[in-house]
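Scroll down for the structure; my scribbles are underneath it.
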Amino acid sequence: MTTARRDTYTPETLLSVAVRVFNERGYDGTSMEHLSKAAGISKSSIYHHVAGKEELLRRAVSRALDGLFAILDEPGAQRGRAVERVEYVTRRTVEVLIAELPYVTLLLRVRGNTATERWAMERRREFDHRVAELLGAAAADGDLRSDVDIRLATRLLFGMINSLVEWYRPHPDQAERDQLAETVAHLAFDGLRKAR
C-alpha cells in the first residue's frame with residue numbers, strides 16, 4: 001500500500017497534504033512525522049524534495065499570496081474609476097479565496113512565530129494596504145460616503161471576505177461561486193457608495 005502511494009507522490013500532492021494537515025493541526029502542532037504519515041511516505045522522502053515543514057509553509061502561503069497579488073495586475077484592477085477597480089478587486093479576492101481555499105485559510109491563520117509566517121503577514125499587510133489605497137482613491141473621487149472612515153471600511157471589508165474561510169465549503173456550481181463574489185461586493189459597496 002505504501003509503495004503504491006509513493007509511486008503517485010509528487011511535490012504538489014505533498015504540498016496539498018501538508019496544507020490539509022497544517023489547517024487541521026495548526027502549523028506549530030504539525031511535525032514531520034504527522035506529514036509523513038498523512039502523505040503515506042517516509043520522512044526522508046519528504047526531505048528529498050523540501051528542506052522541512054517551513055519550506056512547505058512558504059510554498060503554500062506563496063500560492064495564496066501570488067493569487068491575491070495577481071489580481072492587482074489584472075485590467076479590471078488597473079483601469080476605470082477607483083470605486084470600480086476596488087469592487088473588481090473585492091469580487092476577484094473572493095474568487096481567489098474560493099479557488100485556493102485551503103491555501104488562503106492557512107495564510108490567514110499564520111501568527112508570526114517563524115520567519116516565513118512573518119514574511120507572509122507582511123505580504124498580507126501589503127495587499128491590504130494596496131486595497132485600502134484604492135478605497136481611499138474612491139473616497140477622494142467622491143464615490144464613497146464621506147461619513148465612513150476608510151481604515152474602518154477596509155478592516156470591515158477584509159473581515160467579511162476573510163470570514164469565508166471559516167464557513168464556506170466548496171460547491172461544484174460555478175454560478176453559486178460567482179453569486180457569492182457578487183453578494184459580497186453588493187453588501188460592501190451598496191453601503192459604502194455615495195447616494196446619487
Side-chain angles (χ1 to χ4, degrees), residues 12-13 15-24 59-110 120-121 123-196:
E12 186 60 30
T13 57
L15 184 61
S16 178
V17 168
V19 169
R20 179 177 50 80
V21 176
F22 291 157
N23 282 332
E24 288 170 359
R59 288 182 183 187
V61 296
S62 291
R63 181 168 162 168
L65 287 163
D66 290 349
L68 292 171
F69 274 93
I71 295 166
L72 301 175
D73 294 327
E74 293 173 2
Q78 296 285 318
R79 296 188 200 116
R81 292 185 67 80
V83 71
E84 294 162 354
R85 294 185 342 226
V86 76
E87 283 187 45
Y88 175 85
V89 168
T90 298
R91 284 184 189 88
R92 289 289 294 128
T93 300
V94 172
E95 290 168 359
V96 167
L97 186 147
I98 291 168
E100 301 290 352
L101 187 61
Y103 297 89
V104 176
T105 300
L106 182 60
L107 173 64
L108 295 175
R109 291 182 178 167
V110 297
M121 290 173 72
R123 292 284 289 155
R124 247 183 73 200
R125 278 191 289 276
E126 182 184 339
F127 179 80
D128 293 356
H129 180 72
R130 291 195 45 198
V131 176
E133 286 176 345
L134 275 176
L135 277 169
D141 289 345
D143 290 327
L144 299 184
R145 292 171 38 178
S146 59
D147 63 333
V148 176
D149 179 73
I150 293 302
R151 288 177 303 181
L152 177 60
T154 303
R155 286 189 180 117
L156 291 172
L157 179 62
F158 281 114
M160 181 170 47
I161 294 170
N162 294 344
S163 74
L164 296 175
V165 302
E166 300 303 328
W167 60 265
Y168 178 77
R169 296 301 165 255
H171 195 278
D173 182 5
Q174 180 65 43
E176 183 171 300
R177 296 193 304 267
D178 293 345
Q179 184 59 46
L180 180 58
E182 199 59 36
T183 300
V184 169
H186 278 301
L187 285 174
F189 290 96
D190 286 354
L192 286 171
R193 272 188 182 269
K194 188 174 184 179
R196 299 245 180 226

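Look at R109 and E166 and you find a salt bridge, because one of the NZ, NE, NH1 or NH2 atoms lies within 4.0 Å of a carboxylate O, short of that distance. Electrostatic pairing of R81 and E84 does not count as a salt bridge here, judged by no charged N lying under 4.0 Å from a carboxylate O.
Taking the side chain as every heavy atom from C-beta outward, L164 and L180 approach each other to under 4.5 Å. Taking the side chain as every heavy atom from C-beta outward, L135 and L157 approach each other to under 4.5 Å. Residues E74 and Q78 fail the side-chain proximity criterion, which asks for heavy atoms closer than 4.5 Å. The shortest distance between side-chain heavy atoms of H129 and R125 does not fall below 4.5 Å. Contact check for L152 versus L156: side-chain heavy atoms found under the 4.5 Å cut-off. Two residues are said to be in side-chain contact when any heavy atoms from C-beta on lie closer than 4.5 Å; F127 and L65 fail this criterion. Between V86 and L144 there is no side-chain heavy-atom pair separated by less than 4.5 Å. With contacts defined as side-chain heavy-atom distances shorter than 4.5 Å, the pair R59/Y103 does not qualify.
Atoms CZ and CD, from R177 and E95 in turn, are 9.5 Å apart once rounded to the nearest 0.5 Å. In this structure, OG1 on T105 lies 14.0 Å from CZ on F22, to the nearest 0.5 angstrom.
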side-chain contact (heavy atoms from CB on, under 4.5 Å) evaluation trace for E182 with R91
CA-CA 6 Å; E182 199 59 36; R91 284 184 189 88; 2.8 Å; yes
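D149 contributes a side-chain N or O that, together with a main-chain N or O of R151, makes up a donor-acceptor pair within less than 3.5 Å.
At most 12 non-hydrogen atoms from other residues, nucleotides or ligands lie less than 6.0 angstrom from CZ of R155.
If you check the side chains of E12 and S16, you find no donor sitting under 3.5 Å from an acceptor.
Residues V184 and M160 share a closest heavy-atom pair of O-CE, 3.6 Å. Taking every heavy atom of both residues into account, V89 and A77 meet most closely at CG2-CB, 3.7 Å.
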